[in-house]
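Every heavy atom of this structure was used, including side-chain atoms; hydrogens, water molecules and symmetry mates were not. Letters A, B, ... are given to chains in the order of the sequence lines, protein chains preceding strands, and every chain is numbered from 1. On a predicted model such as this, the values are computed, not experimentally measured, just so you know.
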Amino acid sequence: MRYFGQKLVQLIIVVVAVTFTVSLALAAIPNSEERILAVQGVNANDEEVRNATLDELHLRDPLIVQYGHFVQDLVTLDWGTTFGGNQEVRTAIWDGLQISLRLMIYAQLLALLLAIPIAVLAAYRSGGIFDRLSTTGAFGLISLPNYVLATVLSLIFAVRWRIFPVLSEPVSFFDAPVDHVKNFLLPTVVLALPLAATYMRLLRADLVNTLQSDFITTARAKGLSTSRILFGHALRPSLFSLLTAAAVNVGALVGGSVVVETAFSLEGLGGKTVAGIFSNEFRLVQITVVVLALVYVFINFVVDIAYGFLDPRVRAGRALS
Amino acid sequence: MNDFRANETQTRLRPESGELLRIDDLYTHFSTALGVVRAVDHVSFSLDRGERLGIVGESGCGKTILSRSIMGLLPRRNVLRGGSVVFGGAELTTMSLKDRRRIWGAEMAMIFQDPMTSLNPVIKIGKQLAEPLRVHLGMTKADARATVLKLLQDVGIPEPDKRLDQYAHELSGGMRQRVMIAMALACGPSVLFADEPTTALDVTVQAQILDLIERQRRERNMSTILVTHDLGVVAGHTDKIVVMYAGKIVEMASTGSLFGAMKMPYTEALFQSIPKLEQPAHTRLVTIGGRPPNLIHPPAGCRFSPRCPYATDACTTHEPPLVEASPGHWFACHHPVGSERWHEVSVRRREVA
Amino acid sequence: MSDTTVPTDDPTGDPTSNQATPGTSVTEDSAPATAKKFRRRGVVTMWLAVVWLVFLVFTAIGASWLPYVNHSCDQFADEAQCITHIDTNALLSERPPVWATFSDTTRPVVRDAAERAGLFGTDTNGFDIFSRTMFGARYSLLIGALSIVFGILIGGTLGLVAGYVGRRVDRVIDSIMNIFLAFPALLLVIFIVGFFSDSGTTEAKSRSIVPIIFALVILSIPPIARLVRANTIVYAQREFVTAARSLGARNSRIITREILPNVFPAMVTFAITGMAILIVAEGALAYLGLSVSAPNPTWGAMIFGGQSRLETAWWMSIMPSAVMFLTVLSINLLGDALTERFRIREAIG
């Protein structure tokens with residue numbers, strides 16, 4: 001219980017710090033005022049109009065007041081409109097979130113689907129050809145930056161073989177399922193492959209360890225089949241590191257797939273952030289970053305708590321394997 | 001209990017009496033980076049239905065490998081095996097893995113030393129217990145559950161229905177071992193291997209477990225092979241004892257004969273190293289001097305000779321063959337207990353002590 | 001009585017039996033044998049990695065003296081000359097590398113062998129991609145190295161202090177680290193770089209190396225600090241520290257003389273893998289257009305720029321991609337090999 005309390009306090013501190021930092025980052029940006037005014041097409045030289053615009057965004061108030069407004073706006077979901085003036089920040093973020101969430105879910109599923117069987121096979125014949133090949137492959141994949149992977153896959157599948165589109169459209173699954181798959185497949189694969197490599201390494205290491213345990217000998221002595229031993233007895237105690245990593249990645253992926261989104265021009269949250277930076281859409285970027293950071297923090301918090309909760313029992317289990 | 005024996009395929013391998021298991025010239029060598037480890041080096045003996053066998057020796061003498069070799073529970077790479085293991089008329093060493101798997105758990109079962117690590121920590125006890133029943137006997141979930149409950153009762157676990165949903169770490173050491181025994185006995189095997197079953201348990205619990213095994217053995221007319229380093233354990237719970245050293249059998253006899261008229265100096269040494277109640281306090285414990293033998297390059301001649309107080313030159317050059325002292329009592333020694341040389345040395349030792 | 005378990009190799013018959021069989025006693029330690037096997041396999045790849053990295057560093061340094069010097073407008077005295085160069089050399093634009101073969105290019109003119117140019121081909125402006133890549137290497141390597149060095153200096157110090165002094169100082173440092181760790185990594189870097197670079201207008205954003213290094217340093221400090229702190233705590237509890245203190249050594253001396261040498265190997269290994277990560281991160285920034293701005297050649301920017309030309313001039317993206325991949329792979333292999341060496345040394349001695 002004390003563990004939970006500690007973590008909760010930490011969470012609150014971090015949330016405050018994050019929102020504070022982001023809200024006040026605005027103040028540290030060089031020439032922020034000029035840039036904002038320029039985006040809004042406001043004449044910077046007209047004193048009255050200039051002050052009015054800045055006041056609307058509370059940019060001339062003392063820092064603490066700015067922070068207060070920021071938090072208030074954040075919580076009440078009053079995120080304003082983009083400086084360019086054509087869209088509500090809320091809608092923009094919601095659109096982006098849908099794409100990012102989809103990508104994240106697809107990528108995680110694909111990664112797990114790939115990683116688990118490969119890891120099991122590699123661990124079961126540990127040291128054999130398959131094991132060595134998959135370990136080397138995983139190492140190579142991890143060394144491959146995702147923009148490079150995106151380029152290569154794009155070249156092969158989109159350009160040469162023309163199976164998939166080079167630039168993806170966020171087609172809804174319900175409108176046109178086949179197109180949806182076509183559009184989302186390459187980005188998903190680019191995200192999923194390095195993920196799968198990491199997961200596979202984690203799981204394989206734990207599995208190899210578990211397979212040395214006494215209870216596996218017992219399982220063999222019971223006359224159980226190989227698949228039953230592997231999937232029924234060895235897999236479950238070995239999933240721990242993998243699940244922790246996957247859980248953390250849920251948060252990391254939503255915000256961290258910027259590159260992939262840019263590569264395939266899918267405007268997820270990451271893509272919107274970058275676009276916002278280039279077009280000086282500070283507000284949009286602020287909100288996006290805060291939302292992403294808070295999601296990430298919250299998920300990590302849940303993982304920490306879950307760890308602590310599972311730990312006494314898992315500790316007993318882990319001590320044996 | 002009688003329900004299981006009705007299974008057709010099992011009766012085939014189950015002579016109800018007479019010889020059940022015959023091991024002939026069994027050897028298991030491991031090839032390693034440093035050389036060939038002769039873990040089990042040409043071992044032969046037999047076991048009747050309902051007989052209780054004890055395999056005794058210090059750590060590293062090969063007794064655990066022996067029990068695994070008999071079952072066939074070894075890795076295939078880097079293992080050189082040979083000899084024959086005939087179980088109820090069927091040759092185990094040439095059997096396919098699939099067929100061996102049908103026997104493991106169903107006909108031949110093994111319980112291990114540390115029940116804490118030998119039970120899967122993340123699967124409920126009930127499921128682990130039911131597994132052999134469902135896999136080997138094809139029972140339904142409901143039937144398996146009922147059988148498991150009865151099994152738990154038989155092994156003396158209170159509140160069995162509660163235990164079914166518990167995990168291994170929620171039970172005490174003794175209870176865990178009982179669960180392991182129940183799991184091993186589930187399909188009604190005809191042979192039970194017990195590999196150091198009491199070593200990890202409290203002394204008070206040890207006796208209970210051994211009694212439990214004995215009781216089950218009687219009820220099921222099962223044969224038991226008890227592997228241990230503890231002579232005290234075998235004393236009351238075996239009919240026949242095999243003493244192993246450096247991968248070889250050095251003495252084999254009925255329990256009474258072994259304790260009453262032991263021949264091998266090694267057996268004698270083992271016996272002497274047991275602290276006895278009658279000895280006065282602070283009596284120095286007797287140990288066997290020297291170090292355990294190197295199984296890659298075992299000593300020439302008799303393998304025990306470097307540590308034997310009665311060894312002579314002949315012992316280091318000629319390996320003593322197994323000879324039968326009296327019917328059923330075999331030993332391998334040039335200067336066994338009771339021989340001239342033995343008397344010579346014993347007198348001297350008593351003088352020094 | 002020592003019971004060393006016999007190492008069993010890959011079993012194939014009964015595959016679930018990956019266990020070492022217990023109960024066999026071998027008097028010699030088998031660790032040297034297995035260590036030797038590790039070394040054999042890793043050495044070749046490690047040396048290949050070293051060779052590549054040395055080659056890259058040397059070429060990057062000597063990039064100005066490469067035969068194909070035309071790589072960007074920076075070489076020309078003034079703007080006009082550059083434009084003239086591009087215009088008059090239109091034919092050089094997007095030419096494939098000399099070794100390339102063609103099966104299906106849509107530009108018939110380049111099917112002719114005489115039309116190929118350069119080791120890596122040329123880009124849209126007629127500049128040689130090989131030289132551009134090597135100049136780009138300067139940025140990647142420099143930024144990566146500087147960032148990780150500063151990261152270690154700052155993060156390492158924070159970690160040492162936090163681990164050694166403990167209690168309140170530790171908690172404060174930990175909280176600050178947590179704040180930075182609260183942001184998804186790339187996002188943090190983008191945020192910092194995107195906004196904190198000086199720009200006159202919304203047009204021509206020229207960005208210097210400083211904000212990038214600043215952002216990457218901030219990115220690398222928390223993990224380094226955490227690693228160093230954990231290691232420091234372990235060593236601070238050892239007897240030799242207590243001994244030194246009892247001899248009257250000052251804290252700073254203890255930290256530098258006793259603890260630091262022990263933490264050092266872990267730090268160095270982390271630094272190497274960290275550098276690889278930072279190079280990738282810089283590449284990501286460049287890809288997004290947030291790194292040192294055009295016309296400076298950076299790997300990421302080249303990869304991005306070439307993406308629209310994948311059909312007609314794939315070398316524009318693929319060649320820098322290949323170089324980047326090899327570089328990151330080499331650094332990772334090096335880091336891995338070092339980890340192995342330290343681990344084995346720890347196990348034996």
Subject >> A:Leu155 versus chain C, the contacting section by heavy-atom distance below 4.5 Å >> reply: both

Subject >> Portion of A:Val259 that has a non-hydrogen atom of chain C nearer than 4.5 angstrom >> reply: both

Subject >> Test item: C:Trp299 side-chain N/O and C:Ser140 main-chain N/O as donor-acceptor pair under 3.5 Å >> reply: no

Original post:
Where does C:Leu187 contact chain A at under 4.5 Å (heavy atoms): side chain, backbone, both or neither?
Top reply: side chain

**OP:** Select one option (side chain, backbone, both, neither) describing which atoms of C:Ala276 are under 4.5 Å from chain A's heavy atoms.
**Re:** neither

Original post:
Looking only at atom types and distance, does a side-chain atom of C:Ser317 sit under 3.5 Å from a main-chain N or O of C:Gln307, one as donor and one as acceptor?
Top reply: yes

**OP:** May I ask you to check whether C:Thr339 and C:Thr269 show a side-chain donor-acceptor distance below 3.5 Å?
**Re:** no

**OP:** Considering only heavy atoms and a distance below 4.5 Å, find which of C:Val280, C:Leu186, C:Val328 pairs most often with chain A.
**Re:** C:Val280

Original post:
A:Ile93 versus A:Ile287: any side-chain heavy-atom pair under 4.5 Å?
Top reply: yes

Subject >> Option in A:Asp131, A:Thr151, A:Val14 with maximal non-hydrogen atom pairs under 4.5 Å from chain C >> reply: A:Thr151

Subject >> side chain to side chain donor-acceptor pair (under 3.5 Å) partners of C:Asp170, counting only residues at least two apart >> reply: C:Arg229

Subject >> Region of C:Ile318 in contact with chain A, defined by heavy-atom distances below 4.5 Å >> reply: side chain

Original post:
Side chain, backbone, both or neither: which part of C:Ile331 has a non-hydrogen atom closer than 4.5 Å to chain A?
Top reply: neither

**OP:** Name the option with the most non-hydrogen atom pairs under 4.5 Å to chain A; the candidates are C:Ile176, C:Leu288, C:Ile179.
**Re:** C:Leu288

Original post:
Checking heavy atoms, do the side chain of C:Leu333, its backbone, both or neither come under 4.5 Å from chain A?
Top reply: both

Original post:
Using non-hydrogen atoms only, which part of C:Phe304 is less than 4.5 Å away from chain A: side chain, backbone, both, or neither?
Top reply: side chain

**OP:** Considering non-hydrogen atoms only, spot the tightest contact between A:Ala150 and A:Val190 and give its length.
**Re:** CA-CG2, 3.7 Å

Subject >> Segment of C:Tyr287 engaging chain A (4.5 angstrom heavy-atom cut-off) >> reply: side chain

Original post:
Which pair of heavy atoms, one from C:Ala286 and one from C:Gly300, lies closest together, and at what distance?
Top reply: CB-CA, 3.5 Å

Original post:
Just by distance, with hydrogens left out, do A:Ser100 and A:Glu261 show a side-chain donor and acceptor under 3.5 Å apart?
Top reply: yes

Subject >> Partner chain C: residue of A:Val15, A:Val289, A:Val152, A:Thr288 with the largest heavy-atom pair count (under 4.5 Å) >> reply: A:Val289

Original post:
Short question: side chain of C:Tyr139, backbone of C:Thr298 - any donor-acceptor pair under 3.5 Å?
Top reply: no

